[in-house]
Amino acid sequence: MKVTFWLLDVNSESKEGAVELWIWGIDQAKNRVLIVDHSFQDYFYVVVKDDADPAKVADRIRREMGDAVGKLETVERRYFGVPVQAVKVYCRDKGKVAKLVRSLEGVKECLEDDIRVSIRYLIDNNVVPCSWHIVEATAEENVLQVRADKVYAANSPPVLLDKTEAPQLRTLSNYLTAYSHEGSPKPDRNPVIIISTVTGEGKEKQFSADEDKDDKQIIQEFSNYVKTYDPDLISGYGTNTKDWNYLRDRCKSLKLKLALDRACSTPHTSVYGHKSLTGIVNLDLADFADQFPEVKVKTIENLADHLGVMILENRTVVEDVDLAAYWDNPEKRATLKQFALDNAHCIKDITAALLDFAMQLSALVSLPLDHVMTAAAGFRTEWFLIKRVQKLGELIPKRIEQPYLSYAGGLVLKPKPGLHEDIAVLDFKSMYPNLMIAYNLSPDTYLLPDQKTPAGGFYEAPEVKHRFRKEPPGFYKEILTYLIGVRANIRSQMKNLGRDTVEFRVLDARQKAVKVITNAAYGYAGWIGARWYRKPVAEAASAWGRYTIQTAIQMAEKEGLQVIYGDTDSLFTTYDEKKTAALVKEIKQELGLEVETAQRYVRVFFTEAKKRYAGLFPDGSLDIVGLEVMRGDWSKVAQKVQTGVLKIILKEKSPEKAAAYVQAEIAELRQRKTPFRDLIIWKTLTKPVEAYEVNASHVEAAKALKAKGWKLAVGDKVGYVIVQGEGQLYKRVKPYIYASYGEVDVEYYVSKQVVPAAARILESFDIDEKMLLAQKGKTEKEKSLLEFAGS
DNA sequence: GCGGAGGGAGTACCG
DNA sequence: ACCGGTACTCCCTCCGCG
């Protein structure tokens, strides 16, 4: 019979030496199905030495390996664009076989023995996660005892269908609360007290260790609930690094088996640090957070706020330090439970907001939904390349350890400091991808210095002189052309749709996914961890980029436009309707690259520094770039004051008024009227606390937290305030959760936060830190401000 | 023994 | 565990200082 299904998850199982592919899906009648494919033959390649006969190498493999290998095929492939002869070796234990075969005569190397079988299956059969397929299959008894409505054996591999909309998934969002009197809860000692869940339809269920219940019972109840509700997708926040480990370890202490997935097995660690639940998509929303660089401290609250899904604006947030006290206090316990439930709701809503993108990215790069978000950008790009490049006969290189070598990147111009009126920002559209297309820059087109000139000729990059063959097109060119085309196509479709339609949302998610991969191709080529690492590819792209921007500057100046600033692929110039249009046209003609006037500023402000400026848009909004306002490691109070200063400068052009504003804010701060929260400074721990070479504030704060029993991991953000005291700054640091407003060193915030942030801007108008700091009475202040005005 | 200069460590940004 | 270019703060060593 034929089964049409949407692919949810895939895993491989070893059964008596044979491999089975388990494909989990949802069919058109909304049955949850498991399709088992027994027929897939795993394989790897043996690349043959240039002077060796592949047939003889194949014979040798057969003779030496005997039954350990199955079918052998001699094939032609390409490796970094160079044609090679290879033997395709079908076998069960390819890692082991490849190791043995490597030393045989005539063998150059073994390739693709490091590709996992489940991924191999997806790629070779063009089976795509988060997509619809049709498969010829035979219904089977559920002898495997899995949680599925139907179980089938596949008679042939599934065939991809051109059908886009995803089925309605059953989702369950969870928030785990564990009890600890001091510091982070420890699973061997501290119980789980609340498990809060919300389904995709909004049905709440909270398992709470009240009265007569212990955590063994609530974990069991939760586990049973998962089995009855049978979610397709489970989401949480920080679950891969925390919750699942906690549950696992807690269950170990309680002698409980945590078996809630569709194959009744325990969550297990998979690639990229992901926790795998067989047959269920396990999403950790923390893996999505890097999509939102504007959210500096990645808490559930902040993410929900940013996405506009926070349910209650004035809810009581229970900090980790206060959690035990809330639980122990009969009057406060309900508040804690409400807080936990609200978090589960936030997780549900964040999941809904991000799922489209995740699905599109999963389908695009062909990694299962729950792997794709955990995988770092480089790996996502790599899997996409692997899938596309197979079709061109290109073999997949191994990841090899390489020494790091730096190279020159983009060109950054010195800005013209001060205020500028009516400025246009010209941006090269997808500059690096388009340069790589234009000059056929690709890992498989690069000519080594000693390689002779190819018949079709070559492109030579400026400055660095790397050469790339013109013909045939490299795989970067093919892939990037495809991606840019797809994105343009999607965006034109979107123009005919309402913003709030399902189709628009899905297309928008898809174009974002396509963009992510397009933009990562350049960085990928220069990444030493890349399988297709080719430094000259990245180096040539940036060299062409510098050449391009320099040429564009000359064109602008010849046109009579003044260049104010530029960074890598952008130019800030004075605006003149005709001249600007002429420049855009000339760039297109001479350089073959598209330029768009991305923005126009009514007014824009620069200091002497690169990568830091602020502009005023025609609609009255501010665009602040690089300055303290944009940085998560400055206190809110400093950011607020700097924003105020920029607003006054850009809109009213009045440094005097701005200075007066700063002084008023300083007065507020000195009276401790500024909210305590606005004084917190957040910094990331980028290594273990012991590994730091010099003393640093955030490290001291981290040590203090650890001393109190808090677990801190690399990558965590530490929030601290500066308190009164003697000596270096790092000796006057307190984690904000343990600090009171009374001990805060307000003068630090005045002199090292607010004033520098304000002076950064105002020094351009001859108002320095001293003037901002000058203590004076009301009349005197006004007098001195008048002096500024007069000078 | 002390203060300031300047290099280095550390973080986070821009494109 | 995608790249290089950049700004900025604070730590810490070292040098001069009759």
Side-chain angles (χ1 to χ4, degrees), chain A residues 271-273 290 293-294 296-297 374-382 384-385 399 401-402 404-415 425 427-433 516-535 537-543 545-546 549 565-572 598 606-613 623-635 638 681-687 691-700 714-715 717-718 722 727-733 748 751-753 756-757 759-760:
Chain A
V271 278
Y272 313 122
D290 59 3
E294 56 274 47
K296 307 295 175 184
V297 183
T374 327
F379 294 108
R380 292 176 193 166
T381 311
E382 189 150 274
F384 175 77
L385 289 179
R399 202 181 305 289
E401 234 172 281
Q402 320 229 27
Y404 169 76
L405 298 166
S406 74
Y407 65 90
L411 184 68
V412 189
L413 303 184
K414 253 193 196 158
V425 183
D427 268 301
F428 282 88
K429 281 192 190 171
S430 306
M431 186 198 240
Y432 285 173
V516 162
I517 301 297
T518 312
N519 289 344
Y522 156 77
Y524 175 82
W527 172 41
I528 51 169
R531 290 173 185 266
W532 278 285
Y533 172 56
R534 275 289 179 267
K535 195 186 76 158
V537 173
E539 199 169 21
S542 68
R546 292 192 299 275
I549 200 84
Y565 176 64
D567 185 348
T568 312
D569 60 355
S570 68
L571 277 188
F572 292 53
F606 282 95
T607 66
E608 309 242 311
K610 298 170 173 180
K611 298 188 184 277
R612 313 185 119 215
Y613 56 89
D623 185 25
I624 303 174
V625 180
L627 293 162
E628 283 72 7
V629 176
M630 303 311 293
R631 299 183 59 102
D633 57 350
W634 280 73
S635 62
I681 296 166
W682 293 92
K683 277 200 171 108
T684 309
L685 271 185
T686 61
K687 44 181 146 177
Y692 281 87
E693 291 185 29
V694 293
N695 292 307
S697 305
H698 69 302
V699 182
E700 285 308 303
V714 170
K717 278 220 156 67
V718 184
I722 303 300
Q728 290 103 316
L729 198 61
Y730 69 89
K731 290 176 181 155
R732 299 193 279 124
V733 162
Y748 168 81
S751 65
K752 298 291 180 179
Q753 292 275 325
R760 186 98 53 228

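Only this structure's heavy atoms are used, side chains among them; waters, hydrogens and symmetry mates stay out. Sequence lines set the chain letters: A, B, ... in the order given, protein chains first and strands last, and positions in each chain run from 1.
If you measure from atom CZ of F572(A) to atom P of dC14(B), you get 11 Å, rounded to the nearest angstrom. If you measure from atom CZ of R732(A) to atom P of dC11(C), you get 9 Å, rounded to the nearest angstrom. The distance from atom CE of M431(A) to atom P of dC14(B) is 19 Å, rounded to the nearest whole Å. If you measure from atom OH of Y692(A) to atom P of dA9(B), you get 14 Å, rounded to the nearest angstrom. The distance from atom CG of L729(A) to atom P of dT11(B) is 14 Å, rounded to the nearest whole Å. A straight line from NZ of K687(A) to C1' of dG10(B) spans 8 Å, rounded to a whole angstrom. Distance NZ (K731(A)) to P (dC11(C)): 9 Å, rounded to an integer number of Å. L413(A) has its CG atom 13 Å from the C1' atom of dG15(B), to the nearest Å.
Among the heavy atoms of the strands lying under 4.0 Å from Y748(A) are primed sugar atoms or P, OP1, OP2 only; no base atom is included. Among the heavy atoms of the strands, none lies under 4.0 Å from K535(A). Using a 4.0 Å heavy-atom cutoff across all strands shown, Y533(A) reaches no nucleic acid atom at all. Nucleic acid contact class of K717(A) (heavy atoms, under 4.0 Å, all strands): sugar-phosphate only.
Between dC12(C) and Y730(A), a contact under 4.0 Å exists linking OP1 or OP2 to a side-chain N or O. Residue H698(A) has a polar side-chain atom (N or O) positioned under 4.0 Å from OP1 or OP2 of dT11(B).
Other residues, nucleotides and ligands place more than 12 heavy atoms under 6.0 Å from the NZ atom of K717(A).
Checked against side chain to side chain donor-acceptor pair (under 3.5 Å), D427(A) has no partners two or more places apart in sequence or in another chain. When the salt bridge (charged side-chain N to carboxylate O under 4.0 Å, His left out) test is applied to E700(A), the partners found at least two apart in sequence or on another chain are K703(A). In this structure, D290(A) has no side chain to side chain donor-acceptor pair (under 3.5 Å) partners at least two apart in sequence or on a different chain. Under the side chain to side chain contact (heavy atoms under 4.5 Å, CB included) criterion, A521(A) pairs with M436(A), Y476(A), L480(A), not counting sequence neighbours.
T607(A) places a side-chain N or O within donor-acceptor distance of the main-chain N or O of A609(A), the cut-off being under 3.5 Å. Formation of a donor-acceptor pair under 3.5 Å by the R380(A) side chain with backbone atoms of V516(A) is not found in this model.
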- Item | Annotated protein contacts, base or backbone, on nucleotides 2-8 of chain C with a non-hydrogen cut-off under 4.0 Å, one of B, S, - each | BSBBSSS
Provide a list of protein-nucleic acid N or O atom pairs under 3.5 angstrom, restricted to nucleotides 2-6 of chain B.
none

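Salt bridge D567(A)/K611(A): present, at least one basic N to carboxylate O contact under 4.0 Å.
Cation-pi geometry between K610(A) and Y565(A) is not satisfied (NZ or CZ under 6.0 Å from the ring centre, within 45° of the ring normal).
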